[in-house]
Amino acid sequence: MHVPDGFLDAPTSLATGALAVVAVGVSLRKARHELDDRTAPLAGLVAAFVFATQMITFPVAGGTSGHLLGGALAAVLVGPWTGVLATSVVFVVQCLLFADGGITALGTNITLMGVTTVAVGWLVFRALQVVLPRRTAMVPVAAGIGALLSVPVAALVFVLLYAVGGAADIPIDRLAGAMVGVHLLIGIGEGVITFLAVGSIIAVRPDLVYGARSVLKARTLEVRTTVPAA
Amino acid sequence: MKNLSTRVSNRAVALGILVVALLLAGVVSYYAASAPDGLTKVAQDQGFADTQTDHATDDGPFAGYGASFVDDDRLSGGLAGVVGVVVVLGLAGGLTMVLRRRTPEDADV
């Protein structure tokens, strides 16, 4: 979904640029609380993994391809604020080193594929944790569903931006239908990859997964309360 | 918690993620789908693909996920992928290591 230069006009690009700067600035402050000696080294690796996975474009229907965006994955593995930072680094490197995603669209791309997918992925993930059984096996499931939904929502945000400052005068309802349709399919891939990646780490070291902390904490408390009874 | 003694070490998890990332970017990426991505396809279908303007770093050595100084496609893309993984790891890893909360033992040093 890398937006190139020229798709959005200058005022819209400036606005998303400002939004991205604010989001990254707030994340720099908030990420401090998510990062300790155990999780900090993992955060850089998660960013590298998201970069690598974005190179693996998979085919979807109708001569189109898609790839992981990674916001939900990063949020669940290392925390949402750190997730914004990790994905933002990926988009900056892709833009400057690989000419993928316009330079004037860097703020747009961070807003769409970083901030939006992290926010949607994380909020859906947390909401599902409330209703699903409190087991670590549910963490990859909730992460996958959050990831699936994050992609069409990011596509919708692009449509909103295009309605405000798109370069061409095209029917927005048709754009919305096309964007959400294809990105729902890409979202399925996003969900599967996120499920597998989170599931792999959960299988070996659930304590390293940020999104599993609340489940593990609850489990520890449970053990303590049953000790006196036994 | 359980299996404290036999659990997979932090180092092994880190190494595992790094190896998978390097393999994906360096080797598997060659076999990735080359069809236009979702947005590009929609832009073509809806008739606004031609509003795209030139990218300022189009002439860079790794533009378009290839090493311009390597002729072989497989090597060129693989090298670009590995460079990307290393650069992202360095930047994001460096940033988060600077931001992290130090544990008391660590702060004493």
Side-chain angles (χ1 to χ4, degrees), chain A residues 1-7 28 31-33 35-38 40-49 51-53 55-59 63-67 82 85-86 89-90 93 96-100 102-103 155 158 166-168 170 174-175 178-179 182-183 186 201 204-205 207-208 220, chain B residues 1 7-8 10 12-14 16-18 20-25 28-29 32-43 45-48 51-58 60 62-65 80-81 83-97 99-103 106:
Chain A
M1 205 190 292
H2 289 68
V3 180
D5 292 308
F7 273 16
L28 282 169
R32 207 171 281 272
H33 303 289
L35 295 163
D36 52 33
D37 289 331
R38 207 176 39 170
L42 196 64
L45 287 161
V46 167
F49 180 79
F51 170 84
T53 313
M55 287 185 76
I56 312 303
T57 43
F58 49 82
T64 312
S65 73
H67 61 68
T82 310
L85 298 180
V89 167
V90 171
V93 171
L96 298 180
L97 199 54
F98 299 101
D100 189 15
I103 289 183
F158 172 80
I170 53 160
R174 252 178 44 200
L175 177 64
M179 279 298 282
V182 67
H183 286 96
I186 296 173
I201 311 263
V204 289
R205 286 288 301 275
D207 59 308
L208 286 181
T220 315
Chain B
M1 264 147 261
R7 72 175 187 180
V8 182
N10 286 1
V13 172
I17 299 174
L18 182 62
V20 172
L22 287 172
L23 281 176
L24 288 177
V28 184
S29 61
S34 54
D37 85 341
L39 175 60
T40 310
K41 184 67 163 60
V42 170
D45 291 349
Q46 306 287 318
F48 65 95
T51 58
Q52 175 172 351
T53 53
D54 289 340
H55 197 289
T57 64
D58 261 342
F62 296 106
Y65 299 95
V83 166
V85 166
V86 171
V87 170
V88 169
L89 177 63
L91 288 177
L95 179 67
T96 50
M97 290 302 275
L99 286 177
R100 78 188 195 276
R101 278 179 292 134
R102 316 291 169 109
T103 55
D106 206 49

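Computation of the quantities below employed the complete heavy-atom set of this structure, encompassing side-chain atoms and omitting hydrogens, waters and symmetry-equivalent molecules. In what follows, chains carry the letters A, B, and so on, assigned in the order in which the sequence lines appear, proteins first and then strands, with residues in each chain numbered from 1.
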I need the residue from [options] with the largest number of non-hydrogen atom pairs under 4.5 Å to chain A.
options                            : answer
B:Gly81, B:Gly16, B:Ala43          : B:Gly81
B:Gly47, B:Gly93, B:Ala32          : B:Ala32
B:Leu22, B:Thr53, B:Leu18, B:Asp58 : B:Thr53
B:Gly90, B:Gly94, B:Gly84, B:Gly64 : B:Gly84
B:Leu95, B:Leu24, B:Asp45, B:Thr40 : B:Leu24
B:Ala25, B:Pro36, B:Gly60          : B:Pro36

For the residue pair [X] and [Y], what are the closest heavy atoms and their distance?
X        : Y       : result
A:Ala168 : B:Thr51 : CB-CG2, 4.3 Å
A:Thr64  : B:Lys41 : OG1-CG, 3.3 Å
A:Pro41  : B:Met97 : N-SD, 3.8 Å
B:Val88  : A:Ala48 : CG1-N, 3.6 Å
A:Ala52  : B:Val85 : CB-CG2, 4.0 Å

At a heavy-atom distance under 4.5 Å, which candidate from [options] has the highest pair count against chain B?
options                             : answer
A:Leu97, A:Val182, A:Ile170         : A:Leu97
A:Thr82, A:Leu85, A:Asp100, A:Thr53 : A:Asp100
A:Ile56, A:Val3, A:Val93, A:Leu42   : A:Ile56
A:Ala47, A:Gly166, A:Pro4           : A:Pro4
A:Ala155, A:Gly44, A:Ala99, A:Ala31 : A:Ala99
A:Ile201, A:Leu175, A:Val90         : A:Leu175

Where does [X] contact chain B at under 4.5 Å (heavy atoms): side chain, backbone, both or neither?
X        : value
A:Leu28  : both
A:Ile103 : both
A:Arg174 : both

Nearest 0.5 Å, please: how far is CG in A:Asp5 from CD in B:Gln52?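 The CG atom of A:Asp5 is 8.0 Å from CD of B:Gln52, to the nearest 0.5 Å.
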Starting at CG of B:Leu99, measure out to NE2 of A:His33 and round the result to the nearest 0.5 Å.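 Going from the CG atom of B:Leu99 to the NE2 atom of A:His33 covers 11.0 Å.
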Do the side chains of B:Leu39 and A:His2 get nearer than 4.5 Å, heavy atoms only?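 Of all side-chain heavy-atom pairs linking B:Leu39 with A:His2, none is under 4.5 Å.
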Would you call A:Met55 and B:Val28 a side-chain contact if the rule is heavy atoms closer than 4.5 Å?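 They are not in side-chain contact.
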I'd like to check the ring-ring contact (aromatic ring centres under 6.0 Å, His included) partners of A:Phe49; sequence neighbours left out, ordered by chain and number.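 If we apply the ring-ring contact (aromatic ring centres under 6.0 Å, His included) test to A:Phe49, skipping adjacent residues, there are no hits.
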Run the ring-ring contact (aromatic ring centres under 6.0 Å, His included) test against A:Phe98 and tell me which residues pass, sequence neighbours left out.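 ring-ring contact (aromatic ring centres under 6.0 Å, His included) check on A:Phe98 returns A:Phe51, B:Tyr65.
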For [X] and [Y], indicate whether the former's side chain and the latter's backbone hold a donor-acceptor pair under 3.5 Å.
X       : Y        : answer
A:Thr57 : B:Ala33  : yes
A:Ser65 : B:Ser34  : no
A:Asp36 : B:Arg101 : no

Checking heavy atoms, do the side chain of B:Ala12, its backbone, both or neither come under 4.5 Å from chain A?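 For B:Ala12, no heavy atom lies under 4.5 Å from chain A.
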Let me know which of B:Thr96, B:Val13, B:Val20, B:Ile17 forms a side chain to side chain contact (heavy atoms under 4.5 Å, CB included) with A:Leu45.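 By the side chain to side chain contact (heavy atoms under 4.5 Å, CB included) criterion, A:Leu45 pairs with just one of B:Thr96, B:Val13, B:Val20, B:Ile17: B:Ile17.
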Pair A:Leu208-B:Asn10, side-chain contact (heavy atoms from CB on, under 4.5 Å): steps then yes or no: CA-CA 9 Å; A:Leu208 286 181; B:Asn10 286 1; 4.1 Å; yes
